[in-house]
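The block underneath contains the structure these notes are about, expressed in structure tokens.
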Amino acid sequence: MAIIIVDYGAGNIRNVMKAIEYTGLNVKVSQDPAEIAAADGLVVPGVGAFASAMDKLRERNLVEPIKQFSNSGKPLLGVCLGMQLLFDSSTEFGETRGLGLIPGQVVELPKQENYKVPQMGWNQNKVSQINQITRTMNDKYTYCVHSYYAVTDSKYIAATVNYGKVDVPSVVVNKNVMKWEKMYDVSRNLFSKCSISSPLSRGLLKRNHN
């Protein structure tokens with residue numbers, strides 16, 4: 001079985017690859033639509049700004065291959081900015097359309113007394129839906145670095161972290177599309193320290209219909 005990490009020039013590819021290799025899965029980096037279509041699981045990584053990342057996906061003609069893969073029913077995972085790209089749109093640097101694989105919009109964290117933007121630091125996950133990714137995440141801490149978060153229907157939210165008056169979705173699921181908003185160093189701070197390499201493996205190799 002092969003997992004493809006989408007290479008579009010805006011991804012935290014090295015860390016994501018290390019994390020997936022740690023699970024024992026075969027992983028390859030590619031921007032070839034044929035390899036994307038043939039993959040057993042697809043990962044959309046990302047670091048940076050929403051609009052710039054979408055521009056790079058369009059420049060490489062990767063928008064439709066990702067959407068077609070999602071429609072195949074095989075597991076698709078978005079990590080960090082890659083998670084945000086899977087929503088309908090973002091307000092970062094003006095409104096930009098996303099991949100539209102789950103209803104919702106990515107908006108800036110509101111100003112709150114004693115809470116700085118961006119959020120930077122360890123935060124505790126609260127699980128609301130049990131699935132392959134979240135089954136070992138409740139009360140676990142992961143590291144966040146972000147100024148924007150996804151606003152979506154609660155039926156899609158599998159886990160959150162609290163930041164003042166805001167419950168920030170940290171894991172969002174729509175059938176086979178899994179989205180993970182934990183920021184920073186994916187391999188060390190997300191997968192290893194939170195001991196969720198095995199849930200990632202299960203999530204990528206099983207269709208998730210929660």
[X] [atom1] to [Y] [atom2] distance, which is reported to the nearest 0.5 Å:
| X | Y | atom1 | atom2 | value |
| --- | --- | --- | --- | --- |
| Asn174 | Lys155 | CG | NZ | 8.5 Å |
| Arg14 | Ile5 | CZ | CD1 | 12.0 Å |
| Leu76 | Leu99 | CG | CG | 8.5 Å |
| Leu25 | Met17 | CG | CE | 12.0 Å |
| Asp139 | Lys126 | CG | NZ | 3.5 Å |

Fill in the blank from the handout: Residues passing the side chain to side chain donor-acceptor pair (under 3.5 Å) test with Gln119, sequence neighbours excluded, are Asn123, His146

Exercise for the section: Using the test side chain to side chain donor-acceptor pair (under 3.5 Å), find all partners of Ser30 that sit at least two apart in sequence or belong to another chain. Expected result: Glu35

Not counting sequence neighbours, which residues clear side-chain contact (heavy atoms from CB on, under 4.5 Å) with [X]? List them please.
| X | result |
| --- | --- |
| Pro118 | Met120, Ser147 |
| Ala39 | Ile4, Phe69 |
| Asn71 | none |

With a 4.5 Å limit on heavy-atom distance, are the side chains of [X] and [Y] in contact?
| X | Y | value |
| --- | --- | --- |
| Val173 | Thr134 | no |
| Ile3 | Lys28 | no |
| Val27 | Val16 | no |
| Asn125 | Tyr141 | no |

What donor-acceptor contacts under 3.5 angstrom involve side-chain atoms of residues 157-168, with partners at least two apart or in another chain?
residue: Asn162; atom: ND2; partner: Gly164; partner atom: O; Å: 3.2
residue: Asn162; atom: ND2; partner: Asp167; partner atom: OD1; Å: 2.9
residue: Tyr163; atom: OH; partner: Lys116; partner atom: N; Å: 3.2
residue: Tyr163; atom: OH; partner: Lys116; partner atom: O; Å: 2.5

Exercise for the section: Quick one: which residue pairs count as a side-chain hydrogen bond (donor to acceptor under 3.5 Å, both in side chains) with a foot in residues 60-70, not counting sequence neighbours? Expected result: none

Exercise for the section: Please test Lys74 against Leu42 for side-chain contact (heavy atoms from CB on, under 4.5 Å), starting from the C-alpha separation and ending with a verdict. Expected result: CA-CA 8 Å; Lys74 292 185 288 187; Leu42 191 68; over 6 Å; no

Exercise for the section: Report yes or no: does Asp7 contribute a side-chain atom to a donor-acceptor pair with the main-chain N or O of Val29 at less than 3.5 Å? Expected result: no

Practice task
Look at the side chain of Asp153 and the backbone N and O of Pro103, then say whether any donor-acceptor pair between them is shorter than 3.5 Å.
Solution key: no

Practice task
Could you walk me through whether Leu85 and Met54 pass side-chain contact (heavy atoms from CB on, under 4.5 Å), step by step?
Solution key: CA-CA 7 Å; Leu85 297 178; Met54 284 302 303; 3.9 Å; yes

Problem - Over all atoms of both residues, closest heavy-atom pair of Tyr149 and Pro110 - result: CE2-CD, 4.1 Å

Problem - Within one Ile-Leu-Val-Met-Phe-Trp-Tyr cluster: Tyr115 and Val151, side-chain cutoff 4.5 Å - result: yes

Practice task
Please assess Asp40 against Asn26 for the test side-chain contact (heavy atoms from CB on, under 4.5 Å), listing each intermediate value before the final yes or no.
Solution key: CA-CA 10 Å; Asp40 296 296; Asn26 294 321; over 6 Å; no

Give the table of side-chain donor-acceptor pairs shorter than 3.5 Å for residues 86-98, with sequence neighbours excluded, one pair per line with atom names and distance.
residue: Asp88; atom: OD2; partner: Gly104; partner atom: N; Å: 3.1
residue: Ser89; atom: OG; partner: Gln105; partner atom: NE2; Å: 3.3
residue: Ser90; atom: OG; partner: Glu92; partner atom: N; Å: 3.1
residue: Glu92; atom: OE1; partner: Phe50; partner atom: N; Å: 3.1

